[in-house]
Each structure stands twice: as C-alpha cells, then as structure tokens.
*Asks:* 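Before I ask anything, let me first share the structure, which is written out below as structure tokens.
In listed order, ligands and their atoms are each counted from 1. Because the structure is predicted, anything quoted here is derived from the model rather than measured.
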Amino acid sequence: MEKAYPFDKIEPKWQKYWQKKKLFEVDIRTSENKFYCLMMFPYPSAALHVGHGRNYIIGDVIARYKKMKGFNVLTPMGWDAFGLPAENAAIKDNLHPKVSTLNNIKTMKRQLYSWGACYDWSREITSCFPDYYKWTQWIFLKLFEKGLAYKKKAFVNWCPSCNTVLANEQVIQGKCERCDTQVTQKDLEQWFFKITDYAERLLTDLDKLKHWPQRVKTMQTNWIGKSRGVNIHFPLENSNKIFTCFTTRVDTIFGATYMVLAAEHPEIPSLVKDMKNKDKILKFVEEVRNESKIKRAALDVEKKGIFTGRYVINPVNNKRIPLWIANYVLTEYGTGAVMAVPAHDQRDFEFARIYDLPIEVVIDDPEFPLDAEIMKQAYVKDGVMVNSGQFNGMSNREAMDEIANFMEEEAIGKRSVQYKLRDWLISRQRYWGAPIPIIYCDKCGIVGVPEKDLPVLLPEDIKFKPHGESPLKASKKFVNVKCPKCKSKARREIDTMDTFVDSSWYFLRYISSKLKNKAFEKKNIDRWLPVDQYIGGVEHAILHLLYSRFITKVFYDLNLIEFSEPFGNLFTQGMIIKNGAKMSKSKGNVVSPDDLIKQYGADTIRLYTLFIGPPEKDAEWSDRGVEGSYRFLGRVWRLVDKIQMSKLKIQNKSKIQISKLKRKMHQTIKKVTEDMEKGFHFNTAISSIMELVNEIYLFNRDRHYFSGKIVSVPILDEAINTVIILLSPFVPHITEELWEKLGNKPSILKEKWPAYDESLIEEEKITIPIQINGKLRSKIEASPAIDEEALKIKVQSDEKVKKWVEGKKISKWIIVPKKLVNIIVH
Ligand SMILES: [Zn+2]
Ligand SMILES: [Zn+2]
C-alpha cells in the first residue's frame with residue numbers, strides 16, 4: 001500500500017526533537033500559571049495495548065493544549081512497579097521480579113515514546129527502587145507513630161492462588177481482583193491503616209470535588225456507607241455480658257423476637273462452651289465462615305442458622321429472646337450482632353419462617369391491618385406503632401426519635417453513626433513490595449525502624465518457590481536483626497506493603513523526585529498541588545482514589561502539606577473493548593499499538609483513539625476506523641502539499657465564499673476550544689476540524705473566477721494554519737512537520753491557541769418567501785446553505801404555514817434554492 005504521507009520519516013524526527021528540546025520540563029520553583037497534568041502511573045506487568053493507550057493519549061492532548069493556552073504544564077511519568085504479577089512470573093519463569101519489571105518498563109517507555117507522548121522524564125519515579133520505597137516506609141512510620149497503623153488478628157480475605165491476604169477493596173464479587181480465584185477467609189494477624197478514622201471527612205469532602213465525575217463520588221459514598229441509627233444494649237441472661245446491636249430501625253425494637261450473631265463474632269466460643277451440642281454449633285460456625293461473604297450478603301441467600309441455647313433480654317420490654325447464629329449476618333457492618341424483627345425485615349422474616357420463630361407486628365399498615373399469622377412477606381413501609389407500649393398510635397417515623405430519646409434517658413441505647421468502610425488491610429505475605437519497617441523485640445514489643453535506618457532494603461538473593469511462603473521468611477540475614485531500642489536479638493517483620501500504599505502518595509514525589517533527605521519539599525508541594533487534572537480508569541474509583549485521599553488528609557493533619565484533597569479535577573476514561581470484551585491476553589483480543597504504528601503511524605492511532613467516541617464511555621476498537629483516520633491525515637497532508645504549496649492561490653473569490661470560509665474557521669475554533677474546556681469532547685472537536693478541512697477543499701475547488709494570475713488569498717492561509725494548530729494536540733507529529741513546511745519555526749507547541757471572533761460566527765441569513773398554492777403566506781429566515789430536508793422542516797414548523805396546511809395534504813414541494821418555496825396542498 002502506498003503511504004498517504006511519510007509518517008515513518010516524520011514521527012521519529014519530531015519525537016527526537018521534543019525530547020531534545022525538553023519542552024515539558026518545568027521549573028518547580030515557580031508555580032505561576034501552573035497546570036499539573038497527571039496520568040495514573042502504569043503498572044509494568046506487560047507491554048501496553050491500545051486500550052491502555054487511551055489514558056496516555058488523552059493526557060498528552062490535554063498537556064499540549066494547556067501549554068498552547070499559556071500554562072506552565074507539569075506532566076511527569078513513573079512506574080507502579082511493585083506487585084504480584086512480577087512475583088508470579090518469577091516463580092513461573094525463574095526470573096527475578098526486578099529483572100522482569102525493568103524489562104517491562106523499558107518496553108512501555110519505548111511505547112509511550114512511539115505514541116508521541118511527552119513527559120518530563122527528569123522526574124521519573126519507580127516505586128520498587130529504594131530511593132522511592134524508603135519514603136513509602138517513612139509514611140508507614142508516620143502513620144504508626146500516630147496510631148494510624150496497627151496490627152490485629154482478624155478474619156481477612158485470603159487468595160489461595162496468590163497466597164496472600166487482600167483488602168476488602170480488592171475482592172470483587174467474592175473473587176480476587178488480580179486472579180479471579182474465589183477468596184476465602186483466614187484468621188490472621190495483619191497490619192491495618194485506620195482509614196475508618198477518616199470516614200466522615202472522606203465522605204463530606206466529596207462535596208468539595210466539584211469537577212469529579214458523579215459516578216465516582218457515588219461509588220465512594222456507597223463504599224463508605226454511612227448510616228444513622230441507635231446502638232441498643234441487650235443483656236445476656238445469667239451473665240453480665242451485654243450484646244450491642246446497631247439498628248437504623250429503632251422503631252421496630254418491640255418486634256425483636258430473636259437476635260443473630262455473625263459466625264465471626266468473637267464471643268461465640270465462650271458463649272456456647274457449656275452447651276451439650278457445642279461441637280455441632282462450632283462446626284456450623286466453621287462452615288459459614290468458609291462461605292463467600294458476597295453470597296452471604298445477598299438478599300436471596302439460602303438462610304441457615306443454629307440456636308446457641310442462650311437468651312438475651314430486650315431492654316424495652318424485658319422479653320427473653322433467643323440468641324442464634326446465622327449465615328446471613330456479617331461482621332462487616334455494625335457489631336456482628338443483629339436484632340431480628342421478622343415482621344419488618346424480609347431476611348429476618350424468611351429466617352423466622354424456616355426456624356419457626358415468632359413474628360410480631362409492631363408497625364401496622366394504616367389501610368390493611370396486618371396479621372402475623374398470614375403475612376407472606378415483611379412489612380417494610382411506614383405505618384402506625386402497635387404492640388409498642390407507650391409509643392402505640394404514633395407514626396413510626398415520629399417514634400424513631402421518641403424511642404431513641406427514651407433509650408438514651410434509660411441508658412439502654414445510644415444514637416450512633418455507622419460506616420461500612422473497614423480499616424485498610426495493608427500487609428501482604430509476599431516478596432515484591434516495600435518491606436514494612438517494623439522490628440519485633442521480646443522486651444520492647446513492636447518497634448518502628450528508626451528513620452535513619454531507612455530504607456529497609458529488600459534482599460535480592462532470594463529463592464522463589466511455587467506456593468511457598470514469602471521468600472523473606474527464609475532469609476536469615478533479613479529476619480535476624482538487633483532491636484533498635486535495647487540492642488537485643490529481634491526479628492524483622494516479613495510482610496510487605498500493599499502496592500496501593502506505594503501509589504497513595506506518588507503524585508507528591510514527582511515534585512521533588514530526586515530529593516535525598518525528605519519525601520518531598522513542602523514549599524514546592526504546596527505550590528504545585530492539588531493536581532489540576534488527573535486522568536485514569538474508572539476501575540480506580542474506590543481503591544486508589546480513596547486511599548490517596550486518605551493519605552493526603554493524614555499528611556494535612558500532620559502539617560506536612562497545606563491541602564486536604566489531592567486531585568482537583570478528575571477525568572475517568574472509558575475502556576476500549578474488542579469483540580465486545582475488555583482486552584486481555586487470555587481472551588486473545590489484545591490490539592498491540594506497535595504493528596499499527598508501523599503500518600499507519602502514531603498520529604493515526606492517536607486520532608482514532610480520540611475519535612472513537614466520547615472519551616468517558618467504553619468504545620469498540622475497529623480496524624476500519626483506523627483506516628478512516630489515516631485517510632483523513634492524508635487529506636490534511638495534501639492540504640498543505642497541494643493547495644498551499646502549489647501556490648495556486650485563487651483570486652477574485654466572491655465575498656460570500658470568503659466570508660463563508662472565515663465563518664467556518666471561527667466556528668471551528670470556538671467548537672474545538674469549548675470541547676476541550678468542557679468535558680474533553682475530543683471526538684466532536686476532531687469532527688468539526690474535519691468539516692473545516694472539507695470547507696477548504698471546496699473553497700479551493702471552486703475555480704470559476706481563476707484568471708491564471710497567482711495572488712495570495714489571506715483567508716486560505718489563515719484557514720490552513722488554523723487547521724494545523726487546532727489539530728496539533730491530537731496529532732502532534734504531522735502538524736509539526738506541516739507547520740515547518742509552511743515556513744514557521746518549530747515547535748508548534750509554542751504557538752498560541754487561536755482565539756475566535758464571536759461576531760464572525762453568526763450564520764448569514766436570507767429571507768425566503770413561502771407560498772401556499774402560489775399565494776404568498778409567510779417568510780422565513782434561513783442560512784443560504786440550508787439543505788432541502790432542513791428547509792422543509794423549518795417551513796413546516798412556521799406558525800403561519802401550519803395554519804394554512806392544517807388538515808390538508810401536501811401533494812408537492814416546489815423549491816427554488818435561496819429564492820422561494822411553494823407548497824401545493826389540497
Ligand atoms: Zn489472587
Ligand atoms: Zn528491644
């Protein structure tokens with residue numbers, strides 16, 4: 001195939017030029033007009049495919065556009081380089097994770113370069129390098145000092161395939177986020193970050209994030225899961241123990257006919273130790289614990305339970321109610337003890353029917369009084385209080401407050417707020433991560449590694465064994481240390497940190513990536529952050545974005561920084577799919593950019609990626625679409641090559657033709673600028689530039705007045721220059737080349753983004769008389785360029801015309817373009 005234009009010569013030329021000229025390096029000491037444009041840094045697990053490309057191409061377009069708008073643009077890049085895939089590959093291929101990671105980084109760097117993406121590489125960071133993870137460890141110690149990092153034994157998510165624990169956020173529908181294996185539960189001692197201390201602020205500060213997509217804010221709101229209610233204290237019979245239940249429906253307290261404990265409730269063993277059927281109960285508990293929590297939390301889970309043999313006392317009416325253990329209650333939310341009100345909760349209702357537990361109506365339907373005997377389902381709507389002592393007759397909404405007051409007066413309950421958010425489990429039983437800087441001493445207990453001893457280096461002479469424990473455990477040199485406090489023999493923590501700790505602060509490190517004695521320089525950080533534009537996939541809506549907000553708030557509280565939200569604007573791009581599915585090696589639908597760039601050039605791939613659809617939506621990759629973009633760039637190339645360079649300038653163009661092209665040009669500048677400013681509608685911006693290109697071709701083809709004399713037509717030059725400048729953020733190589741060809745000095749990045757003149761945008765209007773059966777009945781205003789279909793619609797919506805044709809049939813349209821419309825009706 002003949003090339004539409006010599007992209008293979010142009011692209012390497014300009015890539016080299018941009019790199020040499022360091023066009024995106026900024027002086028961090030001045031933040032005048034600053035614009036921090038950040039793409040989520042990649043995880044170097046394998047080569048990038050065109051789906052990944054969307055993130056970097058969008059980021060590059062925004063950076064280039066902002067630079068042309070006169071901003072001082074900071075656009076760094078780095079590598080989220082720790083993590084499991086590299087370690088799994090190490091076990092499989094016997095290749096050290098560091099080696100495979102560095103190989104992958106090299107490949108990806110080459111790919112980013114070949115896309116024409118420009119970064120300030122002088123700020124590159126790599127999270128698996130000691131000069132970075134030293135500071136990740138320092139952050140751990142900061143949290144440890146503040147009591148925000150702690151160790152506890154807990155039921156945790158365990159991926160049997162990855163051989164490690166997972167944070168709740170990494171369990172997707174009961175499966176491991178990384179490898180899709182069914183997650184099980186294990187009782188283990190683990191390190192947590194106390195993100196729950198920040199639940200309220202993480203929630204309320206979402207309101208400050210005006211330029212975040214609503215769906216991301218909604219996902220975070222739901223994940224934090226705040227609810228208001230009452231903690232009610234139920235004394236255990238024949239004991240001084242108290243079980244506290246959280247409920248959002250305190251109005252139903254008189255209808256509580258049993259209580260349920262989650263299988264994970266820590267009191268269960270002591271509670272049933274004297275029961276005859278203790279073994280049976282504990283066996284049941286074990287079974288439930290091994291079930292998937294997602295299944296257990298589902299509304300339609302098959303409900304199973306067992307009676308403990310014990311009773312608690314309902315504190316409002318002193319009724320004895322039996323204490324059960326059931327699969328449908330989890331410790332995740334509330335206290336792991338739930339008061340069951342079968343008349344008014346569907347799950348409790350189903351359970352009570354199975355185990356023949358009493359159902360007592362306490363909120364009645366005002367229209368159809370309820371009968372517990374024949375109820376088919378729980379009544380969950382509002383109603384009137386019954387069987388509820390002094391609260392009878394009240395509306396249940398009113399009773400909620402009254403009962404809560406009563407309980408607080410009687411000290412049997414207390415208003416409370418609950419969050420679904422749990423603490424962030426950060427320890428991993430794997431090698432390829434930042435070691436947790438903790439030492440265990442028999443005398444001193446848990447001791448943080450002193451800052452001067454950081455980093456705690458990952459030993460590199462390590463053996464990887466399949467399905468084994470962390471190789472760190474076997475490294476005596478690593479494990480055996482002296483206690484920093486008392487100098488006696490001690491042991492090092494062998495768990496490493498979740499990689500989401502590495503990525504929770506990387507955006508700060510870019511500002512001073514080479515700093516040796518600090519994680520960051522406060523003065524510069526406060527100048528350059530929050531990030532002005534953050535770009536990444538919506539799959540990070542909870543994990544990474546929530547953790548980064550949390551760490552930022554902790555730093556703010558520690559007076560390390562002056563801002564409490566890290567990302568001012570967030571853009572989440574949609575996925576690029578192929579054959580209806582997300583690109584993945586296992587599905588065999590991965591499109592590599594490398595071959596496509598060889599065949600069509602990087603600009604074509606960039607243009608197609610941006611043109612494929614609204615950038616926030618998922619889009620299907622099509623090879624034919626790539627060719628369309630390629631053809632368009634060929635057309636742009638010829639615009640300069642043939643029209644401009646051939647000097648076949650046209651004189652004596654009519655005033656109408658000139659003003660038409662001028663108008664189109666200003667309309668296009670306006671459209672592209674607005675598409676960039678309001679939500680990054682690259683696809684519609686590009687299509688308006690395509691229209692302008694068409695208009696230029698039409699202008700050129702129309703040679704009726706050509707006299708053979710070569711005369712410059714300023715509007716033609718202007719329109720061609722405008723096309724090239726407007727296109728340059730999207731397709732930087734070809735536009736740099738054309739810009740130079742036209743006799744301009746590179747780089748086009750130094751050009752000002754064009755302004756538009758509102759007064760030139762207004763469409764020219766002509767008046768068209770409208771006849772009905774040959775008699776003048778109305779007049780309409782329309783553009784002289786209006787096509788027939790649009791003209792007909794416009795005429796038919798004219799009030800006067802409507803009156804004349806109402807109830808009649810149009811048999812014929814007679815249209816004289818720009819002159820007259822005659823409608824024949826009968
Ligand atoms: Zn896994
Ligand atoms: Zn000690």
*Asks:* I want to know whether Trp505 and Tyr547 have ring centres closer than 6.0 Å.
*Replies:*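 No, ring centres 6.0 Å or more apart.
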
*Asks:* Which angle, to the nearest 10 degrees, do you find at the Zn ion (ligand 2) between SG in Cys486 and SG in Cys483?
*Replies:*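 That angle is 110°.
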
*Asks:* Whether the side chain of Glu493 engages the backbone of Pro435 through a donor-acceptor N/O pair (distance < 3.5 Å, no angle test) should be reported.
*Replies:*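 A pair under 3.5 Å: no.
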
*Asks:* Suppose you place the vertex at the Zn ion (ligand 2); what is the angle out to Cys444 SG and Cys441 SG, to 10°?
*Replies:*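 Vertex the Zn ion (ligand 2), arms to SG of Cys444 and SG of Cys441: 110°.
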
*Asks:* Nearest 10° is fine: what angle sits at the Zn ion (ligand 1) between SG from Cys179 and SG from Cys159?
*Replies:*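 Value returned, to the nearest 10°, is 100°.
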
*Asks:* Indicate whether any N or O donor in one side chain lies under 3.5 Å from an N or O acceptor in the other, for Asp498 and Trp424.
*Replies:*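 A pair is found: one side chain offers a donor N or O, the other an acceptor, under 3.5 Å apart.
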
*Asks:* Is the centre of the Tyr133 ring less than 6.0 Å from the centre of the Phe82 ring?
*Replies:*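 Between Phe82 and Tyr133, which both carry aromatic rings, the centre distance is below 6.0 Å.
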
